[in-house]
Amino acid sequence: MTKVLVATDKPFAAVAVNGIRNIVETGGFQLELLEKYTDVRQFYDAVKDVDALIVRSDKVTKEVIEAAKKLKIVVRAGAGYDNIDLDACTARNIVAMNTPGQNSNAVAELAIGFMIYMARTCFTPTTGSELNGKRLGIHAYGNVGKLVAHKALALGMKVLAFDPFVPAEMIEKDGVKVVGSAEELYANSDYLSLHIPATKETKQSINYRLLSSMPKNACLVNTARKEVINEQEMLKLMNERSDFKYITDIAADINEELMKFAPRYFATPKKMGAQTNEANINAGLAAANQIVDFIKNGVTKYKVN
Ligand code: 3PG
């Protein structure tokens with residue numbers, strides 16, 4: 001029987017798992033679950049005889065692919081697929097997919113929440129400031145960036161964006177000002193919300209040069225990936241500028257060093273941007289449906305390799 005494994009270090013909400021099970025079993029397949037595993041060897045063992053795999057940020061390395069002798073498809077229930085070794089998948093003819101847009105609203109709401117948290121002095125009674133009238137730069141105008149822009153406009157923020165891959169007129173019709181470079185964006189943003197993926201080109205690209213150009217009292221909001229930040233240069237900037245704030249959903253590798261700047265550095269204990277019932281249901285069920293559609297009908301929509 002065709003087996004589908006859901007392997008999640010950070011499990012989906014139970015309601016999402018039930019929905020995934022229903023789709024998989026209605027399709028005539030068998031569901032297996034590996035949740036909150038503590039050792040990667042449990043993952044190697046669980047993938048041994050499965051045909052399909054659903055993961056979140058779980059690392060699908062070439063070792064996982066090697067262990068998964070029967071694997072035909074892996075779906076990252078979410079947007080970023082930097083956790084999947086696409087070359088290893090392609091070499092074995094394994095289709096890799098993501099589920100774009102399905103958890104975007106949850107992440108966008110967290111980005112707004114982060115801004116309010118920093119503006120209101122980490123929910124302490126100290127005098128804070130308001131988002132209304134402040135400039136928000138959106139770095140990359142994909143599914144999440146666009147939703148953050150819509151919500152920020154409703155809060156009275158002035159929204160700017162930079163995304164060389166999205167036509168300017170598409171961004172402008174949302175009431176967002178398009179700027180011509182990352183340099184221009186950072187230099188003119190009181191808040192900067194990051195939505196770039198982690199790729200060869202973007203890793204460590206958010207550096208001292210960009211960040212130090214931000215205005216006084218600026219705040220960087222990262223609900224994207226830690227890998228895009230040049231952490232040593234971030235450290236240098238935090239040392240130099242006591243007005244600069246950094247809030248992130250993905251603790252830095254140098255978290256302990258940055259913690260000395262708390263509360264103007266804040267990291268969630270575990271990445272939680274997409275951790276809502278709604279996002280789990282949307283992304284989990286989409287992943288299950290994509291697997292059934294692929295195995296039964298050969299549909300490869302959202303293939304990324
Ligand atoms: C994504 O790329 O979809 C988000 O970063 C969410 O990741 P998660 O599924 O690990 O919460």
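Ligands are counted one by one from 1 in listed order, and the atoms in each one are counted from 1 as well.
- Distances from atom 1 (C) of ligand 1 to the heavy atoms of K10, R76, Q102 put R76 nearest.
- Looking at V107 against ligand 1, nothing comes within 4.0 Å, counting heavy atoms.
- In E25, the CD atom is crowded: over 12 heavy atoms of neighbouring residues, nucleotides or ligands sit closer than 6.0 Å.
- For ligand 1, one of its N or O atoms has an N or O atom of G80 under 3.5 Å away.
- P215 and R241 make their closest contact through O-NH2, 2.9 Å (heavy atoms, listed as atom of the first residue, atom of the second, distance).
- The shortest separation from a heavy atom of Q275 to ligand 1 is not under 4.0 Å, leaving the residue out of contact.
- At the top of the distance list for atom 3 (O) of ligand 1, counting protein heavy atoms only, stands A79 N, 2.6 Å.
- Remark: ligand 1 atoms within the under-4.0 Å shell around heavy atoms of R225 are 1 (C), 2 (O), 5 (O).
- Any N or O atom pair closer than 3.5 Å counts here, and A274 shares no such pair with ligand 1.
- For NZ of K62, the number of neighbouring non-hydrogen atoms (other residues, nucleotides, ligands) closer than 6.0 Å is 12 at most.
- Residue contacts with ligand 1, taken as heavy atom pairs separated by less than 4.0 Å, do not involve M272 at all.
- The atoms of ligand 1 that sit less than 4.0 Å from any heavy atom of G78 are 3 (O).
- Atom 10 (O) of ligand 1 has S57 OG, 2.4 Å as its closest protein atom, hydrogens excluded (heavy atom only).
- Interatomic distance, CD of E231 versus CD1 of I254, reported as 5.0 Å (0.5 Å rounding).
- Looking only at distances, a side-chain donor or acceptor of N207 sits under 3.5 Å from a matching main-chain atom of L210.
- A pairwise comparison of heavy atoms in L5 and V47 identifies CD2-CG1, 3.6 Å as the closest pair.
- Between F123 and Y117, the two ring planes are perpendicular [angle over 60°; tilted spans 30° to 60°].
- Residues A52 and I295 approach most closely at CB-CD1, 4.2 Å, considering heavy atoms.
- When each atom of ligand 1 is checked for a heavy atom of N103 under 4.0 Å away, the hits are 1 (C), 3 (O), 6 (C).
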